[in-house]
Amino acid sequence: MPSPSSILLSRITTSQPRNGRCFAQRNGLIQAVVRDTLCPMHARAGQPAQPEDLIDVDEVVSAYYDLVPDPTIPAQKVVFGTSGHRGSSLDTAFNEAHIVATTAAIVEYRRSQGTDGTLYLGRDTHALSEPAWRTAIEVLSGAGVMTAIDSRGSYTPTPAVSHSILLANGAGTEAGVRTTGAGLADGIVVTPSHNPPRDGGFKYNPPTGGPAGSDATSWIADRANELLASGWRDVPRVPIAEAIDGPYVIKHDYLETYVADLENVIDLEAIRKAGVRIGADPLGGASVDYWGAIGERYGLELTVVNPEVDPAWHFMTLDWDGKIRMDCSSPNAMASLRAKMTPDAEGKTPYDVATGNDADSDRHGIVTPDGGLMNPNHFLAVAIEYLFTHRPGWPADAAVGKTLVSSSLIDRVAAAIGRTLIEVPVGFKHFVPGLLDGSIGFGGEESAGASFLRKDGTVWTTDKDGIILALLASEIIAVTGKTPSQLHAAQVERFGASAYARIDAPATKEQKAELAALSPQDVTATELAGEPIIDRLVRAPGNGAAIGGLKVTTADAWFAARPSGTEDVYKIYAESFKGEQHLERVQKEAAEVVAAALGE
């Protein structure tokens with residue numbers, strides 16, 4: 001197999017002039033790249049789904065029960081990536097056996113950690129989420145674990161689960177959140193996030209409320225695979241009809257608990273007084289009932305653009321690769337909402353801001369009349385500057401948190417507002433400790449996921465919250481009188497414009513492992529695209545955690561190369577503040593630097 005670096009180098013050096021453009025959205029970043037060379041754009045990308053694009057829901061659900069994984073086949077094992085175990089029942093990668101084994105492993109893990117409080121269980125709107133949710137309840141009841149399910153029997157956004165876990169553990173009290181001792185709560189969210197309708201997902205949140213760390217997920221996955229191989233059918237279960245009304249199931253009002261508390265993290269009164277017209281599109285996801293409740297409770301001019309839920313997502317437009325994907329940062333998946341926000345002949349739009357969320361509502365997409373769908377990096381930078389200058393209750397030393405592959409525009413904003421920047425590897429779990437103790441005011445990922453502190457500087461959620469980020473866009477308009485895209489334009493004037501892109505290339509597991517094991521000494525180059533190399537990083541400067549790859553920086557550019565945790569590819573992220581031609585040079589030399597470091 002050709003080396004991944006040689007493939008990347010070939011793809012970059014053979015690129016044609018950028019006259020035919022597409023938008024690479026595999027990582028949720030709006031970035032123009034060359035058609036047919038860096039991303040083969042589907043002919044119907046951005047167009048409404050047709051009947052032939054839809055899953056057969058009955059087939060997907062039947063496969064969940066009928067197909068049994070073979071744990072000797074790697075693709076059929078339980079594998080926790082950055083956001084839990086994901087797969088499709090049709091591929092024998094997300095089936096009843098997986099969920100029985102994984103839930104049983106979580107039961108054992110939480111007992112080993114002394115976690116004996118309520119487990120908060122939520123699910124999104126994917127076809128496989130309800131069957132997996134039912135299976136989990138059966139196993140949890142069989143183990144005698146007190147489990148809190150939605151009192152409406154409906155969907156629960158990821159941030160609402162995190163919020164309820166933290167409240168149960170003391171958030172909002174004078175004593176603050178407990179992370180040790182008896183009675184600690186934790187949770188499970190059944191969701192594959194923005195993945196296509198055929199997929200399912202299952203993730204565990206410990207008492208800290210956010211994504212579990214790799215120590216926990218590795219233990220859970222290993223134990224689940226042991227059970228898959230030797231005893232998942234022997235796991236005690238209580239039939240769902242009995243369990244749902246049994247002694248171990250609590251009916252919890254996630255919606256009311258979350259919505260009633262929003263005024264403590266967002267200035268909803270400012271939004272109401274300003275009369276900001278909001279169009280909120282749940283994209284058929286778990287926030288569908290939440291947006292209507294938010295508008296009603298706080299008297300907002302808020303319209304739920306599409307309140308429909310369909311596990312086949314027939315109302316979606318196709319993403320860049322022709323798949324249905326609820327990616328609220330993709331211009332193709334968000335084509336319908338973007339069209340609604342196109343100004344008419346008189347320059348009018350139905351909303352002052354329109355927002356989207358993915359299926360479990362942990363990501364956000366922001367559409368403005370003047371800027372269209374914002375690049376996630378751009379909105380993060382605007383949100384950070386606004387929050388740190390409009391939250392007097394936050395600690396004076398609260399830091400800005402970003403992932404290593406987020407835009408350096410954030411670095412420049414943080415420096416301008418006099419805040420420490422904490423740069424961590426990819427994975428929201430790295431922000432959990434800082435959000436929990438208030439040492440990080442805002443944590444954000446380049447893939448349109450973020451959360452931030454309450455107005456008083458204490459923890460809100462330690463998982464990504466697409467709902468509060470969407471509401472923040474309205475608060476920004478209400479308070480500043482400007483849209484987030486206008487504020488981004490002002491940031492560009494002060495800090496410069498950047499070109500940012502990501503390229504993927506095939507890689508074997510061995511090649512990925514070699515890349516993850518690189519050291520700074522493996523990089524012998526002294527310059528990158530005509531600038532002296534300032535730093536060679538294999539560990540994140542913010543927390544010292546391994547980044548699983550390499551980042552090289554100069555004064556005006558950087559690249560990061562890392563293997564994917566979920567696919568047999570590796571990725572090169574790159575950014576330049578010297579324009580797109582310089583970015584292309586950075587990408588080309590990045591491939592050469594990686595090739596040399598790997599000894600290719």
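This is a predicted model, so every value here is computed, not measured.
Residues that satisfy the side chain to side chain donor-acceptor pair (under 3.5 Å) test with Glu575, not counting sequence neighbours, are Ser407, Ser498, Trp558. Under the side chain to side chain donor-acceptor pair (under 3.5 Å) criterion, Thr135 pairs with Tyr64, sequence neighbours left out. Residues satisfying the ring pair (Phe, Tyr, Trp, His ring centres under 6.0 Å) test with Tyr351, not counting sequence neighbours, are none.
Panel note: side chain Thr303, backbone Val305; no donor-acceptor pair is recorded below 3.5 Å. Formation of a donor-acceptor pair under 3.5 Å by the Arg391 side chain with backbone atoms of Leu453 is not found in this model. Checked by atom type and distance alone, the side chain of Arg419 pairs as donor or acceptor with a backbone atom of Ala398 at under 3.5 Å. With Asp53 contributing its side chain and Gln50 its backbone, the two residues share a donor-acceptor pair below 3.5 Å. Judged purely by atom type and a 3.5 angstrom limit, Ser361 uses its side chain to pair as donor or acceptor with the backbone of Ser287. Checked by atom type and distance alone, the side chain of His364 pairs as donor or acceptor with a backbone atom of Ala448 at under 3.5 Å. Here the side chain of Thr125 pairs a donor or acceptor atom with the backbone of Gly284 at under 3.5 angstrom.
Residues Val413 and Asp411 fail the side-chain proximity criterion, which asks for heavy atoms closer than 4.5 Å. The side-chain heavy atoms of Ile137 and Ile149, taken from C-beta on, include a pair separated by under 4.5 Å. Using a 4.5 Å heavy-atom cutoff, the side chains of His488 and Val382 are in contact.
Side-chain atoms of Asp186 and Tyr204 include a donor-acceptor pair closer than 3.5 Å. Neither side chain, Asn264 nor Asp456, offers a donor N or O lying under 3.5 Å from an acceptor on the other. Looking only at atom types and distance, the side chain of Asp362 has no donor-acceptor partner in the side chain of Thr158 under 3.5 Å away. Tyr290 and Asn357 share no donor-acceptor pair across their side chains, judged by distance under 3.5 Å alone. Using modelled atom types, one finds a donor on one side chain and an acceptor on the other under 3.5 Å when comparing Ser485 with Thr483. Of the N and O atoms on the side chains of Asn195 and Ser193, not one donor lies less than 3.5 Å from an acceptor on the other residue. Side-chain contact of Ser330 with Asp319: a donor-acceptor pair under 3.5 Å is present, judged by distance alone.
Across every non-hydrogen atom of His252 and Ser164, the tightest pair is NE2-OG, 2.9 Å. Between Leu318 and Ile324, the shortest heavy-atom distance links the atoms CD2-CG1, 3.8 Å. Scanning both residues, Pro376 and Ser329, for their nearest heavy atoms gives CG-CB, 3.7 Å. In terms of heavy-atom proximity, Thr156 sits nearest to Gly122 at CB-CA, 3.8 Å. In terms of heavy-atom proximity, Ala414 sits nearest to Val400 at CB-CG2, 4.2 Å. When all heavy atoms of Pro484 and Met374 are compared, the pair lying nearest together is CB-SD, 3.5 Å.
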Item to check | Working for salt bridge (Lys or Arg N to Asp or Glu O under 4.0 Å), residues Arg454 and Asp261 | outcome: CA-CA 10 Å; Arg454 294 168 179 264; Asp261 204 13; 2.6 Å; yes
Next on the checklist: What verdict does the side-chain hydrogen bond (donor to acceptor under 3.5 Å, both in side chains) test give for Thr461 and Ser451, after you've listed the backbone C-alpha separation in whole Å, the side-chain angles of each residue and the deciding distance to 0.1 Å?
Outcome noted: CA-CA 7 Å; Thr461 63; Ser451 190; 2.7 Å; yes
Item to check | Worked verdict on Trp460 versus His163 for ring-ring contact (aromatic ring centres under 6.0 Å, His included) | outcome: CA-CA 7 Å; Trp460 169 252; His163 178 262; 4.6 Å; yes
Next on the checklist: Go through it in stages, so that I can follow the logic: the residues are His378 and Ile410, the test is side-chain contact (heavy atoms from CB on, under 4.5 Å), and I'd like the CA-CA distance, side-chain angles, deciding distance and then a yes or no.
Outcome noted: CA-CA 9 Å; His378 298 169; Ile410 294 171; over 6 Å; no
Checklist entry - side-chain contact (heavy atoms from CB on, under 4.5 Å) between Leu469 and Phe452: does it pass, once the steps are laid out? => result CA-CA 9 Å; Leu469 268 295; Phe452 51 88; 3.8 Å; yes
Checklist entry - Does the pair Leu487 and Ile476 meet the rule for a side-chain contact (heavy atoms from CB on, under 4.5 Å), with working shown? => result CA-CA 9 Å; Leu487 293 175; Ile476 289 171; 3.4 Å; yes
Item to check | Residue pair Asp289, Arg152: steps toward the side-chain contact (heavy atoms from CB on, under 4.5 Å) verdict | outcome: CA-CA 11 Å; Asp289 294 334; Arg152 302 166 300 129; 2.9 Å; yes
Item to check | Derivation and outcome, salt bridge (Lys or Arg N to Asp or Glu O under 4.0 Å), residues Lys203 and Asp360 | outcome: CA-CA 12 Å; Lys203 61 184 183 180; Asp360 68 320; 3.5 Å; yes
Next on the checklist: If you apply the rule salt bridge (Lys or Arg N to Asp or Glu O under 4.0 Å), what do you find for Arg272 with Glu263, and how did you get there?
Outcome noted: CA-CA 12 Å; Arg272 186 191 66 79; Glu263 62 185 356; over 6 Å; no
Checklist entry - side-chain hydrogen bond (donor to acceptor under 3.5 Å, both in side chains) between Tyr258 and Asp465: does it pass, once the steps are laid out? => result CA-CA 11 Å; Tyr258 179 89; Asp465 191 337; 2.8 Å; yes
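Note that CG of Asn169 and OG1 of Thr118 are 9.5 Å apart. Values are rounded to the nearest 0.5 Å. Atoms CE and OG, on Met341 and Ser336 in that order, are 14.0 Å from each other to the nearest 0.5 Å. Separation of atoms CD (Glu446) and NZ (Lys402) is listed at 9.5 Å; rounding is to 0.5 Å. The distance from atom CZ of Phe379 to atom CG of Leu373, rounded to the nearest 0.5 Å, is 11.5 Å. Of the inter-residue distances, the one linking Ser474 atom OG with Leu300 atom CG reads 8.0 Å to the nearest 0.5 angstrom. In this structure, the separation between CD on Glu475 and CG on Leu268 is 8.0 Å, given to the nearest 0.5 Å.
Asp199 and Arg86 are not joined by a salt bridge, as no carboxylate oxygen comes within less than 4.0 angstrom of a charged side-chain nitrogen. Between Asp245 and Lys251, at least one side-chain N (NZ, or NE/NH1/NH2) sits under 4.0 Å from a carboxylate O, which counts as a salt bridge. The pair Asp91-Arg198 meets the salt-bridge criterion, since a charged nitrogen lies less than 4.0 angstrom from a carboxylate oxygen.
With Phe577 as the aromatic partner, Arg412 meets the cation-pi criteria of under 6.0 angstrom to the ring centre and within 45 degrees of the ring axis.
Under the 30°/60° scheme for interplanar angles, the aromatic rings of Phe431 and Phe428 are found to stand perpendicular. Using cut-offs of 30° and 60° for the angle between ring planes, the Trp394 and Phe388 rings count as perpendicular.
In this structure, the ring of His126 has its center no less than 6.0 angstrom from the ring center of Trp133.
No more than 12 heavy atoms of other residues, nucleotides or ligands lie within 6.0 Å of NZ in Lys273, so this atom counts as exposed by the packing criterion. Counting non-hydrogen atoms of other residues, nucleotides and ligands closer than 6.0 Å to NZ of Lys482 gives a total of 12 or fewer. The neighbour count for Glu296 CD, taken as heavy atoms of other residues, nucleotides or ligands under 6.0 Å away, does not exceed 12.
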